[in-house]
K.L.:
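Here it is, the structure, as structure tokens.
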Amino acid sequence: MDLANTSLRQLASALHERRISSRELTQAYLERIGRLDGQLGAFITVDPDKTLSQADAADARIARGEAGPLTGIPIAHKDIFCTEGWLTTCGSRMLSNFVSPYDAHVIEKFAAAGALILGKTNMDEFAMGSSNETSHFGPVKNPWNLAKVPGGSSGGSAAAVAARLAPAATATDTGGSIRQPAALCGVSGIKPTYGLVSRYGMIAYASSLDQGGVIAPSAEDLGLVLNTMVGFDTRDSTSIDRPAEDYTAALGQPLKGLRIGLPREYFSGGVSPDVARAIDAALEVYDRLGAERVEVSLPHSQLSVPVYYVLAPAEASSNLSRYDGVRYGHRAAQYGDLNDMYERTRAEGFGAEVKRRILTGTYVLSRGYYDAYYLQAQRVRRLIVNDFREAFARCDVIMGPASPTVAFGFGEKTSDPVQMYLSDIFTISVNLAGLPGLSIPAGFGASGLPVGLQLIGNYFSEGRLLQAAHGYQQATDWHRQVPDMARA
Amino acid sequence: MALTDTDLRRLARLARLRLEESEISGLREQFAGILGLIDQLQAVDTRGIEPLSHALDLEARLREDVVTETDQRARFQSVAPQVEEGLYLVPKVIE
């Protein structure tokens with residue numbers, strides 16, 4: 001089977017029609033990982049014995065006629081999802097020895113569906129980064145050009161899917177960590193409405209923004225995986241209790257009359273010319289499909305990066321206080337009193353970017369600055385949400401670039417944190433508002449590197465977003481393009 | 001606004017992060033950039049705007065007051081750095 005050109009739906013039918021067994025399919029992916037991942041570094045952990053025993057269980061289930069749509073499908077998981085019996089590192093030295101004693105809700109859902117764990121993917125440390133360069137386990141390389149970053153923080157998941165080392169991968173998105181790497185690696189990625197995917201067992205970074213999602217080649221594949229991943233969970237206090245929805249139900253319905261909102265602010269400079277050209281061409285495809293363009297405005301969107309870099313570090317400084325060297329994870333080998341143990345453990349366990357964000361968060365929450373920074377950022381957050389509310393009164397979906405540039409080179413932005421932060425300028429506001437967003441491949445820019453088109457929807461409009469993305473993918477074949485290394 | 005070395009040392013102490021002297025000057029410079037970024041918020045007129053802590057208005061759910069957790073101490077302590085007889089060991093705190 002040609003794994004570089006087979007969609008998740010095709011894999012599922014092949015399994016259900018018994019044209020291939022889950023064991024054979026899984027061995028084929030494991031073989032690709034063994035052969036190609038040395039160049040990419042997309043995986044932190046692969047455990048063929050565990051995965052193949054799950055494949056055998058899936059084959060037995062298929063033989064009993066009890067298979068669901070994902071039964072027997074191997075799925076890679078971002079190493080932020082706690083996975084019982086598997087090393088779960090969150091890309092950090094702090095958790096480099098942490099074998100999780102329990103499963104995240106998402107992992108339980110996939111297990112119940114009969115999907116297998118193909119491996120755990122590399123990521124920026126604690127999901128803090130936009131290039132995968134902050135991982136303790138080394139950077140992930142972009143499969144389209146090994147000298148370029150894959151984006152982050154879900155760079156391992158995006159690179160694995162782009163090189164077709166996995167048919168789909170889970171990921172998380174706090175400020176763009178699904179959509180930006182999906183864009184830079186030429187694959188599709190969706191961040192659902194905040195609250196749809198349980199955060200239980202998903203290692204916390206900024207809890208009011210963190211949301212699990214999926215990276216896969218196409219919108220249709222995203223819908224199939226999302227159908228299993230979404231669900232109410234009492235163990236996450238912000239989980240949303242809604243009736244189950246089939247996210248693939250609207251796929252194939254025509255896009256005639258779809259009102260596409262184009263925020264003035266996303267098209268007025270700040271985007272490199274090659275990305276702007278690709279986005280314009282994508283919008284012309286939507287014109288031909290009968291969609292209508294509506295000009296909208298998100299006047300506070302430029303403030304989303306400063307708001308984020310107050311709120312996310314504030315939440316992170318609180319969330320990451322749990323890493324104390326007492327209950328799990330790294331503990332310094334040598335220390336004096338209790339405080340010294342904490343300080344040395346955390347100094348050794350965390351990398352530079354994580355430390356910067358903890359210190360920033362500590363600063364904005366400290367006495368005398370709380371009102372000026374933290375509360376002010378929360379007020380501007382409300383203005384950003386209000387902008388979207390007004391825009392969605394006039395359109396069904398907002399479109400624009402997912403990232404201002406194509407993939408950049410290693411080391412290009414590491415010395416200046418603010419430059420790195422600005423690569424999420426188009427994605428962050430979506431997290432602040434809790435809206436669903438996705439990125440799909442929309443051609444290529446400079447040096448043949450992929451460009452991502454971002455689609456932003458109103459709350460709980462995932463089905464419509466995927467319909468809009470699928471319509472585009474029926475009219476184009478960018479999502480079927482694979483890097484040369486994937487054809488090997 | 002810029003942070004002094006003393007400010008950074010105080011923040012690091014609050015955050016329980018040991019900083020090496022060699023890290024301080026680099027951090028001070030990076031913080032100047034980060035504060036420059038977030039100081040843009042000071043210019044925004046937010047009079048009359050309520051702070052928003054969460055995008056969705058969610059109500060805290062209540063549950064029955066019954067025991068739902070089982071005893072998993074041994075399992076959870078199997079990944080702890082240092083335990084003895086079911087207790088987590090830390091340096092002596094009380095003299």
Side-chain angles (χ1 to χ4, degrees), chain A residues 98-99 101 194-195 208 234 237-238 240 300 303 305-307 309-310 317 321 324-331 335-344 346-347 350 355-356 358-360 362-364 366 372-373 375-383 385 416-418 421 432-435 459, chain B residues 1 3 7-8 10-20 23 26-27 29-56 58-61 63 68 72 74-83 88-94:
Chain A
F98 179 65
V99 175
Y194 182 87
S208 83
T234 54
S237 63
T238 58
I240 290 170
H300 297 92
L303 294 166
V305 177
V307 168
Y309 280 97
V310 172
S317 73
S321 65
D324 56 7
V326 175
R327 289 153 301 164
Y328 47 81
H330 177 73
R331 177 188 283 201
Y335 47 82
D337 63 8
L338 184 65
N339 254 326
D340 191 48
M341 187 199 84
Y342 292 150
E343 293 190 352
R344 286 177 189 270
R346 291 163 62 80
F350 294 137
K355 288 180 193 171
R356 269 197 292 277
I358 290 174
L359 290 170
T360 308
T362 307
Y363 176 70
V364 299
S366 58
Y373 286 113
L375 288 182
Q376 175 71 355
Q378 288 194 327
R379 291 191 182 96
V380 181
R381 184 178 186 180
R382 186 177 293 280
L383 297 175
V385 172
D416 183 353
V418 172
Y421 297 171
L432 292 170
L435 294 164
Y459 300 104
Chain B
M1 168 168 171
L3 288 190
D7 295 332
L8 277 171
R10 188 182 66 92
L11 284 178
R13 209 162 45 244
L14 287 172
R16 300 290 184 271
L17 278 174
R18 185 186 159 89
L19 281 191
E20 301 300 329
E23 294 174 275
L27 266 176
E29 207 171 295
Q30 290 157 352
F31 256 86
I34 294 168
L35 294 184
L37 176 76
I38 65 181
D39 275 338
Q40 291 174 28
L41 297 175
Q42 305 311 319
V44 187
D45 182 358
T46 55
R47 275 170 301 179
I49 305 291
E50 281 297 303
L52 179 75
S53 58
H54 214 277
L56 303 176
L58 298 171
E59 268 179 50
R61 284 187 300 270
R63 61 162 175 81
T68 54
Q72 303 189 63
R75 196 150 140 225
F76 291 159
Q77 290 199 335
S78 69
V79 292
Q82 223 186 338
V83 289
Y88 293 95
L89 297 190
V90 295
K92 193 166 161 186
V93 194
I94 304 165

K.L.:
What distance do B:Leu52 atom CG and A:Leu383 atom CG have between them, rounded to the nearest 0.5 Å?
P.N.:
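B:Leu52 CG to A:Leu383 CG: 10.0 Å, rounded to 0.5 Å.
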K.L.:
Please classify the contact of A:Tyr309 with chain B as side chain, backbone, both or neither, using a heavy-atom distance under 4.5 Å.
P.N.:
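Contact with chain B is through both the backbone and side chain of A:Tyr309.
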K.L.:
Kindly give the heavy-atom pair with the smallest separation between B:Pro81 and A:Val326, and that separation in Å.
P.N.:
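Closest heavy-atom pair between B:Pro81 and A:Val326: CD-O, 3.2 Å.
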K.L.:
Return the minimal non-hydrogen interatomic distance between A:Tyr421 and B:Leu37, and the atom names on each side.
P.N.:
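Of all heavy-atom pairs spanning A:Tyr421 and B:Leu37, the closest is CD1-CD2, 4.1 Å.
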K.L.:
Can you tell me which portion of A:Ala377 sits under 4.5 Å from chain B's heavy atoms? Options are side chain, backbone, both or neither.
P.N.:
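Contact with chain B involves both backbone and side-chain atoms of A:Ala377.
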K.L.:
Can you tell me how far CD of B:Gln82 sits from CE of A:Met341, rounded to the nearest 0.5 angstrom?
P.N.:
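It comes to 9.0 Å.
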K.L.:
Tell me, side chain or backbone of A:Ile240 under 4.5 Å from chain B's heavy atoms, or both, or neither?
P.N.:
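Contact with chain B involves the side chain of A:Ile240 alone.
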K.L.:
Heavy-atom pairs under 4.5 Å with chain A are the metric here; pick the option from B:Val93, B:Leu56, B:Leu14 that has the most.
P.N.:
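Between B:Val93, B:Leu56, B:Leu14, the count favours B:Leu56.
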K.L.:
Determine the minimum heavy-atom distance between B:Phe31 and A:Leu359, stating which atoms define it.
P.N.:
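Between these two residues, the closest heavy atoms are CZ-CB, 3.6 Å.
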K.L.:
Would A:Arg327 and B:Tyr88 count as a side chain to side chain contact (heavy atoms under 4.5 Å, CB included) here? Give the steps.
P.N.:
CA-CA 7 Å; A:Arg327 289 153 301 164; B:Tyr88 293 95; 3.7 Å; yes
K.L.:
Using side-chain hydrogen bond (donor to acceptor under 3.5 Å, both in side chains) as the criterion, list what pairs up with A:Tyr335, not counting sequence neighbours.
P.N.:
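Counting only residues at least two positions away or on another chain, A:Tyr335 forms a side-chain hydrogen bond (donor to acceptor under 3.5 Å, both in side chains) with A:Arg331.
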K.L.:
Against chain B, label A:Ser321 side chain, backbone, both or neither, depending on which of its atoms sit under 4.5 Å from a heavy atom there.
P.N.:
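The answer is neither part of A:Ser321.
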K.L.:
Step by step, work out the side chain to side chain contact (heavy atoms under 4.5 Å, CB included) result for A:Asp340 and B:Arg18.
P.N.:
CA-CA 8 Å; A:Asp340 191 48; B:Arg18 185 186 159 89; 4.2 Å; yes
K.L.:
Do any N or O atoms from the side chain of A:Arg346 and from the backbone of B:Ala15 form a donor-acceptor pair under 3.5 angstrom?
P.N.:
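Side chain of A:Arg346 to backbone of B:Ala15: a pair is present.
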K.L.:
I need the residue from A:Val385, A:Thr360, A:Leu375 with the largest number of non-hydrogen atom pairs under 4.5 Å to chain B.
P.N.:
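Result: the option with the highest number of such pairs is A:Thr360.
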K.L.:
Roughly how far, to the nearest 0.5 Å, is the CZ atom of B:Arg13 from the OG1 atom of A:Thr362?
P.N.:
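With rounding to 0.5 Å, OG1 (A:Thr362) is 12.5 Å from CZ (B:Arg13).
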K.L.:
If I measure from the heavy atoms of chain A, does B:Glu23 come under 4.5 Å with its side chain, its backbone, both, or neither?
P.N.:
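The side chain, not the backbone.
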K.L.:
Find the one option among A:Gly195, A:Ser237, A:Ser317, A:Ser366 whose heavy-atom pairs under 4.5 Å with chain B are most numerous.
P.N.:
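Result: the option with the highest number of such pairs is A:Ser237.
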K.L.:
Can you measure from NZ (B:Lys92) to CG (A:Leu338) and round to the nearest 0.5 angstrom?
P.N.:
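Going from the NZ atom of B:Lys92 to the CG atom of A:Leu338 covers 13.5 Å.
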K.L.:
Please table the atom pairs, donor to acceptor, closer than 3.5 Å between any side-chain atom in residues 41-51 of chain B and protein atoms at least two apart or in another chain.
P.N.:
{"residue": "B:Gln42", "atom": "NE2", "partner": "A:Ala372", "partner atom": "O", "Å": "3.1"}
{"residue": "B:Asp45", "atom": "OD1", "partner": "B:Arg47", "partner atom": "N", "Å": "3.0"}
{"residue": "B:Asp45", "atom": "OD1", "partner": "B:Arg47", "partner atom": "NE", "Å": "3.1"}
{"residue": "B:Asp45", "atom": "OD2", "partner": "B:Arg47", "partner atom": "NH2", "Å": "2.8"}
{"residue": "B:Thr46", "atom": "OG1", "partner": "A:Gln376", "partner atom": "OE1", "Å": "2.7"}

K.L.:
State the CD1-OH distance between B:Ile34 and A:Tyr363, to the nearest 0.5 angstrom.
P.N.:
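Those atoms lie 11.5 Å apart.
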K.L.:
Tell me, side chain or backbone of A:Val364 under 4.5 Å from chain B's heavy atoms, or both, or neither?
P.N.:
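Looking at A:Val364, just its side chain touches chain B.
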K.L.:
Would B:Arg63 and A:Thr234 count as a side chain to side chain contact (heavy atoms under 4.5 Å, CB included) here? Give the steps.
P.N.:
CA-CA 9 Å; B:Arg63 61 162 175 81; A:Thr234 54; over 6 Å; no
K.L.:
Between B:Leu17 and A:Ala347, which heavy-atom pair has the shortest distance, and what is it?
P.N.:
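In terms of heavy atoms, the two residues are closest at CD2-N, 4.1 Å.
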K.L.:
For the residue pair A:Pro101 and B:Arg75, what are the closest heavy atoms and their distance?
P.N.:
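So the minimum-distance heavy-atom pair works out to O-NH2, 2.6 Å.
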K.L.:
Could you tell me whether a side-chain N or O of A:Arg381 sits under 3.5 Å from a main-chain N or O of B:Ser53, the two making a donor and an acceptor?
P.N.:
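Answer holds: yes.
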K.L.:
So, for B:Leu27 and A:Arg356, which heavy atoms are closest and what is the spacing to 0.1 Å?
P.N.:
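B:Leu27 and A:Arg356 have their closest heavy atoms at CD2-CG, 3.8 Å.
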K.L.:
Side chain, backbone, both or neither: which part of A:Val310 has a heavy atom under 4.5 Å from chain B?
P.N.:
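Looking at A:Val310, backbone and side chain both touch chain B.
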